Amino acid sequence: MSPYFFGPYRASDRDPVISLFRFGILEHVYPAFFKAMCHKDHVGIALSISMAGYVLGGSSYCMALLFGGAWAALVYYCCHEIYDSYLSRKLDMEMADIQGSFLDNPVNNFWVAEAEIDGQIKVAGLLAVVGMKCGPMNDMNDGWNGGAVFKLVVSFPLRRKGIGTQLTEKAVEFCKEQGLSRLVIETTSAQVAAIALFRKLGFIQTSSHKACKKNSDYSYNASFSSECRHHCTDNDIDSYKDSVLKLAL
């Protein structure tokens, strides 16, 4: 028998699901910080600030390190605030009523993976999918209907054991059953393992954003207009997600 069990969200899962969801958002703070600090503009700023500290401190290497460290701390704080603010909004909106937001809507769903650890059943992963349908964009396009992965998280100690794959496969099958034409996932370029998983399952990358910013014009796929997307998705997601992958069903 498989050590993992997959099923729809239950009210008794709420606390561990919220805890895992929180971890799944905040775990990206450090990769975002590292990516930001490696950007050529930020490297230049860090060197300039460190040099200013060196000069103002009377050729003090300690002051140079102090000024540079202060800049790094500010960048980390900004990265943390982006993710923490996003997390707070999601906890106040969709995750405040998981049953109503996902399970009571026939084109949405929320799955939980459980594992037996030390004789106890614990939440090992989660995946939520949101079905969307927009009207026609123009005379040549009859609209867009598909599912979007709201969030996929697997507990860190249980990664690379097939849980993410099985959860994603459940989402694919669900979208097919609902008659949706595609499943899309927005992710960050830093999530190398996740992108590799999705590509292994047949997803293709349809968008990539080198300059990720709020209210950017990118969409779930090339034909999906920003006007339609405004009504169907959360624009706040643009603040840190820079890659879009799609699977045609």
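The basis for the numbers below is simple: all heavy atoms, side chains too, and nothing from hydrogens, waters or symmetry mates. Everything numeric in this text was worked out from a predicted model, so none of it was measured.
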**Item:** Any side-chain heavy-atom pair of Y83 and H28 under 4.5 Å
**Value:** yes

**Salt bridge flag under 4.0 Å for residues K200 and E169** = no

**Item:** Side-chain donor/acceptor of R182 to backbone N/O of G147, under 3.5 Å
**Value:** no

**Message:** If I compare all heavy atoms of I195 with all of T188, which pair ends up nearest, and what's the gap?
**Reply:** CD1-O, 3.7 Å

**Item:** Summary of ring pair (Phe, Tyr, Trp, His ring centres under 6.0 Å) pairs that have at least one residue in residues 162-192, sequence neighbours excluded
**Value:** W111-F174

**Request:** Apply the test side chain to side chain contact (heavy atoms under 4.5 Å, CB included) to residues S59 and Y54: give CA-CA distance (whole Å), side-chain angles for both, the deciding distance (0.1 Å), then the verdict.
**Result:** CA-CA 5 Å; S59 301; Y54 177 79; 3.6 Å; yes

**Message:** Quick check against the 3.5 Å criterion: does E173 have a side-chain atom that pairs as donor or acceptor with the backbone of K170?
**Reply:** no

**Request:** Please test M95 against V17 for side chain to side chain contact (heavy atoms under 4.5 Å, CB included), starting from the C-alpha separation and ending with a verdict.
**Result:** CA-CA 9 Å; M95 297 299 289; V17 161; 4.0 Å; yes

**Prompt:** Quick one: do L20 and L103 end up in the same hydrophobic cluster if we chain Ile, Leu, Val, Met, Phe, Trp and Tyr together by side-chain heavy atoms under 4.5 Å apart?
**Reply:** yes

**Request:** Starting at OH of Y9, measure out to CG of L126 and round the result to the nearest 0.5 Å.
**Result:** 10.5 Å

**Request:** Starting at CG of L87, measure out to CD1 of I18 and round the result to the nearest 0.5 Å.
**Result:** 9.0 Å

**Prompt:** Would one find more than 12 heavy atoms of other residues, nucleotides or ligands at under 6.0 Å from atom CZ of F23?
**Reply:** yes

**Prompt:** Any idea which heavy atoms bring C79 and A36 closest together, and the distance?
**Reply:** SG-CB, 4.4 Å

**Request:** Could you work out the complete set of other residues in the hydrophobic cluster of I204, with links drawn between I, L, V, M, F, W and Y side chains under 4.5 Å apart?
**Result:** none

**Prompt:** Quick one: do M63 and L74 end up in the same hydrophobic cluster if we chain Ile, Leu, Val, Met, Phe, Trp and Tyr together by side-chain heavy atoms under 4.5 Å apart?
**Reply:** yes

**Exam field: side chain N105 to backbone G100, donor-acceptor pair closer than 3.5 Å** = no

**Item:** Shortest non-hydrogen contact between L183 and F203, atoms and distance
**Value:** O-CE2, 3.4 Å

**Whether N108 side chain and G131 backbone form a donor-acceptor pair below 3.5 Å** = yes

**Message:** Between Y77 and F33, is there shared hydrophobic-cluster membership here, with clusters defined by ILVMFWY side-chain heavy atoms closer than 4.5 Å?
**Reply:** no

**Asked** Under a single-linkage definition using a 4.5 Å side-chain heavy-atom cutoff for Ile, Leu, Val, Met, Phe, Trp and Tyr, are L26 and V123 assigned to the same hydrophobic cluster?
**Response** yes

**Asked** Is the backbone of D15 close enough, under 3.5 Å, to the side chain of S19 for a donor and an acceptor to pair up by distance?
**Response** no

**Complete:** So CG of D84 and CD1 of I25: to nearest 0.5 Å the spacing works out to 10.5 Å

**Asked** Would you call D92 and R89 a salt bridge, using N to O less than 4.0 angstrom?
**Response** no

**Request:** Report yes or no: do I45 and F34 belong to one cluster of Ile/Leu/Val/Met/Phe/Trp/Tyr joined by side chain heavy-atom distances under 4.5 Å?
**Result:** yes

**Request:** Kindly say whether N145 contributes a backbone atom to a donor-acceptor pair with the side chain of S181 at under 3.5 angstrom?
**Result:** yes

**Prompt:** Side chains of M37 and V43: closer than 4.5 Å at any heavy-atom pair?
**Reply:** no

**Message:** Any heavy-atom pair between the side chains of F67 and M51 that's under 4.5 Å?
**Reply:** no

**Message:** For the backbone of R10 and the side chain of D13, can you confirm whether one donor and one acceptor N or O come within less than 3.5 Å of each other?
**Reply:** yes

**Prompt:** What's the shortest heavy-atom distance between L158 and I163, and which atoms?
**Reply:** O-CD1, 3.8 Å

**Asked** Can you name the ring pair (Phe, Tyr, Trp, His ring centres under 6.0 Å) partners of F102, sequence neighbours left out?
**Response** F110, F150

**Message:** Before you tell me yes or no, could you show the steps for K151 and L127 under side chain to side chain contact (heavy atoms under 4.5 Å, CB included), namely the whole-Å CA-CA distance, both residues' side-chain angles and the distance that decides it to 0.1 Å?
**Reply:** CA-CA 6 Å; K151 189 61 183 174; L127 186 149; over 6 Å; no

**Fill in**
For V129 and C175, the nearest pair of non-hydrogen atoms, with its separation, is CG2-SG, 4.0 Å

**Message:** Within this structure, what is the OH-CD1 distance for the pair Y4 and I121, rounded to the nearest 0.5 Å?
**Reply:** 12.0 Å

**Message:** If you apply the rule side chain to side chain contact (heavy atoms under 4.5 Å, CB included), what do you find for T165 with L201, and how did you get there?
**Reply:** CA-CA 8 Å; T165 298; L201 293 174; 3.9 Å; yes

**Request:** Over 60° means perpendicular and under 30° means parallel, so classify the ring planes of W71 and H42, tilted if in between.
**Result:** perpendicular

**Asked** Under the 3.5 angstrom rule, does the side chain of S155 hit a backbone N or O of A124 as a donor-acceptor pair?
**Response** no

**Request:** Check R159 against V154 and note the closest heavy-atom contact, atom names and distance.
**Result:** NE-O, 2.8 Å

